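Residue numbers begin at 1 in each chain, while the letters A, B, ... track the order of the sequences. Keep in mind that this is a model prediction, so the values were computed, not measured.
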Amino acid sequence: MRIAITATGAGRVAIGDPDGPERHEVDREHLPALVARLEAEHAPRWVWRDTREWAPLLLAHGVRVARCHDLRLCGAILAWSTAVATARDEAPARPEWLPPGPAEAPVDEPVAPVASVAAHAALFELDAPSEIRSGDGSRPPSLADLDAEHDRQLALADAADSPGAMRLLLAAESAGALVAAELRTAGLPWDRGEHERVLEAALGPRPAPGRKPDRMEELARAVREALDAPSLNVDSHADLLRALRAAGIGVGSTARWELREHDHPAIEPLLAYKRLARLWSANGWAWLDEWIVDRRLRAEYVAGGTATGRWATSGGGALQLPKVVRGAVTADEGWSLVVADASQLEPRVLAALARDPAMAAAGRGRDLYRAIVDAGVVESRDEAKVALLGAMYGATSGDSGRLVPRLGRAYPRAMALVDDAARTGEAGRRVTTLLGRSSPLPPTSWHETQARANGVDATAADERRARSAARDWGRFTRNFVVQGTAAEWALCWMASLRPRLAAMSLPPGAPPASASGPAFERMPHLVYFLHDELIVHAPEGLTGAVADAVRESAAEAGRLLFGEAPVEFPLDLDIVRSYAAVS
DNA sequence: GAATGTTGCGCC
DNA sequence: AAAGGGCGCAACATTC
């Protein structure tokens with residue numbers, strides 16, 4: 001059974017099952033209770049334009065749904081997938097009320113500004129993410145519109161090259177949208193005091209507004225002295241580069257890896273300064289004030305936010321939390337963190353994707369890199385890692401590029417898969433993940449560069465530029481198939497874990513409720529996701545059951561994508577009070 | 001003075 | 001030690 005939800009204006013909401021008796025129109029404030037009742041009675045798949053329009057409101061009232069279909073995210077996948085190309089030519093177009101997906105904007109063609117964002121924003125709940133758009137600002141869809149679009153999308157999925165794979169992708173993407181909303185509502189438990197201790201140990205006491213921390217000022221003075229440049233602004237790349245060269249340090253930029261090459265008394269304080277400056281500006285006191293509210297980091301996750309299907313964030317920088325501040329991630333009293341990451345996910349995905357028997361054999365144990373050494377392909381684990389990353393990223397030089405050919409001889413099918421993806425991209429064509437997410441086409445400027453090189457009056461420089469641009473795009477598509485399929489594995493992992501956690505609950509008389517809000521205070525819940533890693537906030541008495549569920553979900557994700565293919569996806573899993581306690 | 005581009009660095 | 005993929009963000013520099 002499915003039930004669609006849409007706004008009808010003036011704070012009213014229509015809700016309806018196209019084939020059944022459940023048709024209602026209610027005030028917004030009565031929606032959570034109604035959804036809760038229908039969820040309990042029918043466990044429907046909820047069909048809506050955009051999960052971000054509805055999930056925050058429901059979660060704020062403690063209401064969770066098990067399944068949904070996010071028409072915006074699924075529509076974006078179907079609009080690009082090569083797996084439905086033929087059917088799409090014959091199907092109706094995406095309706096105008098359905099906005100594009102988060103990763104659909106072409107690289108060099110900025111999206112046109114939305115007509116009336118402010119006017120539309122008022123329709124949404126206050127706690128909804130700020131940048132929700134209604135597409136072109138036209139009328140919201142009717143229930144019939146939603147049902148028709150849902151039917152259109154399901155028909156496209158049924159007509160896909162692998163209908164089961166596409167249906168799985170749409171379900172996983174929609175589940176991801178629910179998880180993203182839930183992560184934001186629950187928040188990542190954050191100990192402000194612990195974070196402040198880290199800052200003070202590194203930077204000294206919090207400076208007055210407009211001042212830099214003492215430790216940074218000291219280091220800046222040392223740099224100016226060592227470079228004999230008393231008026232140098234250390235924060236200015238241009239200024240700094242001039243001063244470095246004047247002091248006889250032959251660098252082409254002020255990047256850390258280049259500075260490290262030189263032996264000069266200015267280098268050490270400069271590198272220390274840059275490290276502290278980064279901590280201060282990215283995760284300093286100002287960040288704490290802005291982002292840590294009520295013991296929680298509530299970052300905005302953008303499901304499907306990147307071309308490959310990996311998520312992005314908007315605000316809070318939750319996907320770039322530096323290791324030094326992770327000690328501030330601390331479970332509530334009576335609760336624990338179950339931290340799990342899929343080790344060596346991408347090479348394992350490559351092995352399974354390519355059905356490369358030799359590489360799959362290496363991926364059967366816990367350490368794929370070690371197995372490559374044991375198979376005699378390279379001499380050290382470090383070399384195995386660098387070679388594999390080089391193969392997936394398209395390295396051509398350095399140690400990595402040198403080792404790749406040896407990998408190719410040992411694992412020809414895996415290498416053929418990524419090489420083929422690279423050639424497809426170099427030709428300006430799209431590649432597609434296992435479940436059916438396709439890469440974008442290169443920007444018009446790319447095509448123009450290629451056309452210029454093929455013209456009658458092409459210069460050697462034109463041809464060089466075109467070859468370089470083609471190889472760049474080839475590296476992108478080479479990586480796309482692996483990174484994108486790994487993202488699908490991770491989505492399936494979470495989609496499988498979510499209902500398992502929802503089925504658990506805090507035993508009576510057990511620890512206090514968590515501070516994660518009414519939807520999560522009495523059950524284990526996801527609080528963090530980072531590409532191939534997740535954190536569950538769990539009552540202490542349930543950590544064992546949660547760990548089992550996390551492992552079973554990882555195994556389930558492997559089966560969903562690859563059937564019984566002989567590649568394992570082992571987890572590194574820890575049960576801790578603080579994130580710092582993990583490797 | 002606001003918008004846009006570049007650089008550098010944090011994460012996977 | 002260096003350089004291959006995907007990102008977001010802050011700061012500075014440049015342009016309008």
**Message:** Can you tell me if A/Tyr393 is stacked onto the base of C/dG4, using a 5.5 Å centroid cut-off and an angle below 30°?
**Reply:** no
**Aromatic plane relationship, A/Trp493 with A/Trp489 - under 30° parallel, 30 to 60° tilted, over 60° perpendicular** = tilted
**Asked** Of the nucleotides C/dG5, B/dC12, C/dG4, which has the atom closest to the A/Ala395 side chain?
**Response** C/dG4
**Asked** Are the side chain of A/Ser578 and the backbone of A/Gly327 linked by a donor-acceptor contact shorter than 3.5 Å?
**Response** yes
**Message:** Can you see whether A/Lys323 engages A/Tyr579 through a side-chain donor-acceptor pair at a distance of less than 3.5 angstrom?
**Reply:** no
**N/O donor-acceptor pair under 3.5 Å between A/Thr306 side chain and A/Arg310 backbone** = yes
**Fill in**
By nearest-nucleotide position on DNA chain C, the 5'-leaning member of A/Gly316 and A/Glu261 is A/Glu261
**Request:** Check the distance between C/dG8's C1' and A/Gln320's CD and give it to me in whole angstrom.
**Result:** 4 Å
**Item:** Phosphate OP1/OP2 of B/dG10: any A/Arg278 side-chain N/O under 4.0 Å
**Value:** no
Contacts under 3.5 Å, N or O only, protein and nucleotides 14-16 of chain C:
none

Distances for protein N or O near nucleotides 1-3 of chain B N or O, under 3.5 Å:
none

**Message:** For a quick test of reading the model: is some side-chain N or O of A/Ser236 closer than 4.0 Å to OP1 or OP2 of C/dA13?
**Reply:** yes
